[in-house]
Structures are given as C-alpha cells and as structure tokens.
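Not measured: the values here are computed from a predicted model. Residue numbers begin at 1 in each chain, while the letters A, B, ... track the order of the sequences. Side chains included, hydrogens not; waters and symmetry mates left out as well; all remaining heavy atoms used.
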2 protein chains.
Amino acid sequence: MSVTAITMIGVMSRWEPNARGRLAQAALALYGERGYEKVTVAEIAARAGLTERTFFRHYADKREVLFDGSTRLQQTLTEAVAAAPAGRPPIELVGAAIAALGALFEADERREFARQRQAIVDKNPDLQERELVKLSRLGDALTDALHDHDVPVPAASLAAQVGIAVFRVTFVRWLDDPASRPFPELVRAAFEELAAMTHP
Amino acid sequence: MSVTAITMIGVMSRWEPNARGRLAQAALALYGERGYEKVTVAEIAARAGLTERTFFRHYADKREVLFDGSTRLQQTLTEAVAAAPAGRPPIELVGAAIAALGALFEADERREFARQRQAIVDKNPDLQERELVKLSRLGDALTDALHDHDVPVPAASLAAQVGIAVFRVTFVRWLDDPASRPFPELVRAAFEELAAMTHP
DNA sequence: ACCAGCTATGTCAGTCACTGTCATCAGGCT
DNA sequence: AGCCTGATGACAGTGACTGACATAGCTGGT
C-alpha cells in the first residue's frame with residue numbers, strides 16, 4: 001500500500017508527480033503566512049522542491065497560481081448552458097449555470113481552500129486586479145454560451161453580467177455561511193431576492 | 001513672444017515646468033510607435049528630459065501614465081450625481097452623470113488623444129487589465145454617489161453597473177463616430193436604445 | 001543679504017519578476 | 001543498445017520598481 005491510488009490510476013509521470021499541484025500548495029501556504037508581496041517565486045519553488053524556472057513553466061506569472069481553477073469554472077458554466085433545454089428565459093439559464101458551479105465546491109477541503117485563497121486576494125490590489133479580469137472573462141464566456149443557445153446578444157450580455165454579479169455575491173456568502181448550506185441553494189435564494197427586487 | 005502663455009499665467013515652477021505632462025506625452029508617443037511592451041521606462045523619461053526615477057515619482061507604474069484621467073472622470077461623475085435634483089429615478093441620475101462626462105471630451109485634441117490611447121490599450125492585455133480596474137472603481141464611485149443621493153443600495157449598484165456599461169459602449173462609438181457627434185448626444189441615444197430594449 | 005527649509009530632481013545600488021538558451025536525465029519505443 | 005521526448009536544472013540577462021542620499025533652485029523670515 002505504499003503506492004498511492006493516484007499513482008495506480010493516473011498516467012505515471014517521471015520524478016515526483018504533480019509538480020503543478022505542489023507549486024500551488026506551496027504558494028498558497030507562503031502567501032497566507034507572509035502575504036503575497038513578501039514571498040518570492042524562488043521560495044515557492046524551493047518549498048515545492050523545484051526551481052524558479054520550473055514555476056514559470058507551469059504558471060504564466062506569480063499571480064496566476066491562485067487563479068488556476070478559473071478555466072474549469074468557465075468550462076462548467078458553458079457546459080451547463082449548453083445542456084439546458086432550449087427556449088427557457090435567459091435569466092433561468094444563467095441561474096442554472098451558476099448553480100451548476102456548486103459541483104466544483106462540494107468537498108469541505110474546497111471550501112477551506114477557497115477561504116484561504118480569498119483572504120489572500122482580498123489583501124492585495126494586484127491580485128484583485130487579476131480577479132476582476134477572470135470574472136470579466138467568465139462573463140464573456142457566459143455571454144457567448146447564451147448566444148450559442150439562441151439568446152439574442154443584448155439580452156445575453158445583460159443576463160451574463162447579472163449572473164456574474166450574483167455569482168460574486170453568492171460566493172462570498174457561501175464562504176461565510178455559518179450554516180454551511182450548499183452553494184446551489186444559496187444561488188437559488190439570491191435569484192429569488194433578485195426577482196423580488198425587480199418585481200415589487 | 002518667446003514666452004509661452006502658460007509660463008505667463010501659471011505658477012512658475014523651477015526647471016522646466018510640467019514634467020508630469022511631458023512624461024505622459026512621451027509615453028503616449030513611444031507606446032504608439034513601438035508598442036507598450038517594447039518601450040522601457042528609461043526611454044520615456046529620456047524623451048521627457050528626465051530620469052527613470054523621476055518617472056516613478058509621478059506615476060505609480062509603467063501603466064498608470066495612460067490612466068491619469070480616471071480621477072477626473074470619477075470626480076465629474078460624482079459631482080454630477082450630487083448636483084442632480086433629488087427624487088429622480090436612478091437611471092435618470094446615471095444618464096445625466098454619464099452625459100456630464102462630455103465636458104471632458106469637448107476639445108478635438110482630447111478625442112485624438114483618446115483615440116491614440118485606446119489603440120494602445122487595445123493591443124496589450126496588461127493595459128486592458130488596468131482598464132478593467134479603473135472602470136470597476138468608477139462603478140463603485142458611481143454606486144456610492146447614488147447611495148449618497150438617497151438611492152437604496154441594490155438599485156444603486158445595478159444602475160451604476162448599467163451606467164458603466166453604457167459608458168463603455170458610448171465611448172467607443174464616440175471615438176469611431178464619422179459624424180463627430182458630441183458625446184452627450186450619443187449617451188442620450190444609447191439610453192434611449194436601452195429603454196426601447198427593456199420596454200418592448 | 002543671509003540662512004534655513006522645502007520640493008523636485010539626479011545618482012546609485014539593490015531586489016525580484018520574468019525570459020532565452022542550453023544541458024541533463026528518466027522513461028518509452030524500436 | 002540507441003534514440004526520442006518531455007520535464008527539469010543551471011545560468012545569464014533584461015527591465016520594472018524601491019530605498020537612500022545628495023543637490024539645486026526657490027521661498028520665507030530675519
């Protein structure tokens with residue numbers, strides 16, 4: 001049993017596997033301990049048992065290591081829109097897509113990871129800058145997905161923008177929720193609030 | 001007549017005056033000629049007759065030199081909201097505030113400057129990143145201004161987001177407009193489109 | 001007129017993010 | 001065994017940005 005499940009299942013890599021994951025873990029730990037600015041890339045690489053050069057082969061820059069998940073977020077979002085039945089109102093498509101992100105947030109470790117990550121990002125303007133970009137790209141992807149699903153462009157971009165706004169709010173609530181309610185439930189509640197707000 | 005009007009009117013500064021403006025002008029020219037990435041800060045400073053260190057005393061970083069106007073934008077926006085009569089619907093306040101930005105875009109040189117600047121920003125992801133941040137902060141400021149003007153928070157943030165979206169669209173149209181219509185006129189037209197879109 | 005302080009600038013050394021290039025090493029394939 | 005490939009290491013270099021200190025010209029008071 002000295003061989004891990006991953007080693008048995010996955011494609012065997014040479015050297016120590018999962019260099020990318022080790023780098024991300026090391027970065028999160030160090031950023032959390034000393035703050036983003038006071039950590040050098042060389043230190044992250046050293047903690048992961050690698051060199052600085054290798055860090056930059058896995059991540060485009062020092063910030064990107066905290067935003068790795070955004071591609072999976074985008075992918076889940078567009079798949080959910082594509083899988084939805086045709087002819088539904090745009091806001092409903094968006095609601096379903098955002099709720100579908102809950103699948104990525106199920107495990108408790110995920111929430112703990114997200115919490116640490118968010119605490120770091122909230123303390124640094126450069127990281128907030130990058131987060132804005134990621135959310136903007138997420139909105140663009142959502143707009144495209146809606147458009148591919150026969151939603152006319154103006155309605156699509158508006159619905160997508162609203163959807164991203166709801167996501168931001170809901171994500172923070174989910175991180176802070178003392179009752180640990182599941183993410184899709186909070187999404188549903190947020191969209192109901194929104195409906196009540198616009199239909200007095 | 002060898003003494004310029006500025007020299008006669010303004011407060012005489014030591015050395016050559018307006019170092020900040022010269023840096024901005026040099027940066028715009030060089031970024032335009034060779035692209036943002038292929039220009040060094042030292043080169044910008046040299047063209048302005050200054051040193052690299054002085055550049056960083058005037059601008060926080062290499063990008064910021066292109067985003068100097070955003071503080072005046074923000075100021076104009078909040079003043080316009082504060083000056084509006086109370087009790088009007090939020091979207092109307094926002095429309096008036098965005099239209100008020102036209103005062104900053106009157107002179108033809110302004111349009112030419114904005115055009116050059118936008119061409120540069122559109123070619124570089126780092127600059128686009130910064131632009132997103134500036135627009136986001138503009139939205140925050142607009143939200144605050146609306147809130148101070150007795151608009152409840154949810155309506156304020158929604159109206160502000162919509163306002164920023166309209167601003168982005170209108171600004172591009174204004175830059176490209178072959179008829180050179182004034183900015184506030186285009187803003188009005190955009191808000192009418194929006195109204196028609198939401199009231200079929 | 002002199003001195004003191006203030007402010008914008010210059011100078012210099014240093015850190016660190018990021019890149020290009022070449023060497024190396026382990027495993028798979030023939 | 002020999003070759004190829006993909007991930008890594010080693011190393012040098014560029015350029016953004018910072019901290020510390022020096023200097024020059026103005027400004028105010030005496």
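Here the side chains of B/R137 and B/S70 are not in contact, with every heavy-atom distance at 4.5 Å or above. Looking only at side-chain heavy atoms (C-beta outward), A/R110 and A/L104 stay at 4.5 Å or farther from each other. For the pair A/Y59/A/D68, a side-chain contact is recorded, criterion being any heavy-atom separation below 4.5 Å from C-beta on.
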Could you go step by step and tell me if B/D177 and B/R181 meet the salt bridge (charged side-chain N to carboxylate O under 4.0 Å, His left out) rule? CA-CA 7 Å; B/D177 188 26; B/R181 282 167 294 180; 3.1 Å; yes

One pair to check against salt bridge (charged side-chain N to carboxylate O under 4.0 Å, His left out): A/R47 and A/E33. What are the steps and the verdict? CA-CA 13 Å; A/R47 179 179 290 213; A/E33 288 168 17; 3.3 Å; yes

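One atom, CZ of B/F55, and another, P of D/dT18, lie 11 Å apart when rounded to the nearest Å. Note: CG (A/L50) to C1' (C/dT24) measures 16 Å, nearest angstrom. D/dG15 atom C1' lies 12 Å from atom CD1 of B/I44, rounded to whole Å. B/R53 places its CZ atom 11 Å from the C1' atom of C/dG10, with the value rounded to the nearest Å. Atom CG in A/D126 sits about 16 Å away from atom P in D/dA16, given to the nearest Å. Going from atom CD of B/E52 over to atom C1' of D/dG19 covers 14 Å, rounded to whole Å. Rounded to whole Å, atom P of D/dG6 lies 14 Å from atom NE2 of A/H58. Between the P atom of C/dC12 and the CZ atom of B/F56 lies a distance of 18 Å, rounded to the nearest Å.
Under 3.5 Å, the side chain of A/R57 and the base of D/dG6 form no donor-acceptor pair of N or O atoms.
Within residues 26-42 of chain B, the residues approached by DNA chain D to less than 4.0 Å at the level of any non-hydrogen atom are B/V39, B/T40, B/V41, in residue-number order.
Both cation-pi conditions hold for A/R117 and A/F67: the charged atom is under 6.0 angstrom from the six-membered ring centre and inside a 45 degree cone around its axis. Geometric assessment of A/K62 against the ring of A/Y36 yields a positive cation-pi assignment under the 6.0 Å and 45° thresholds.
Note on B/T54: a side-chain N or O is less than 4.0 Å away from OP1 or OP2 of C/dG10.
Counting only heavy atoms from C-beta on, A/T51 has its side chain closest to D/dG9 among D/dG9, C/dA17, D/dA16.
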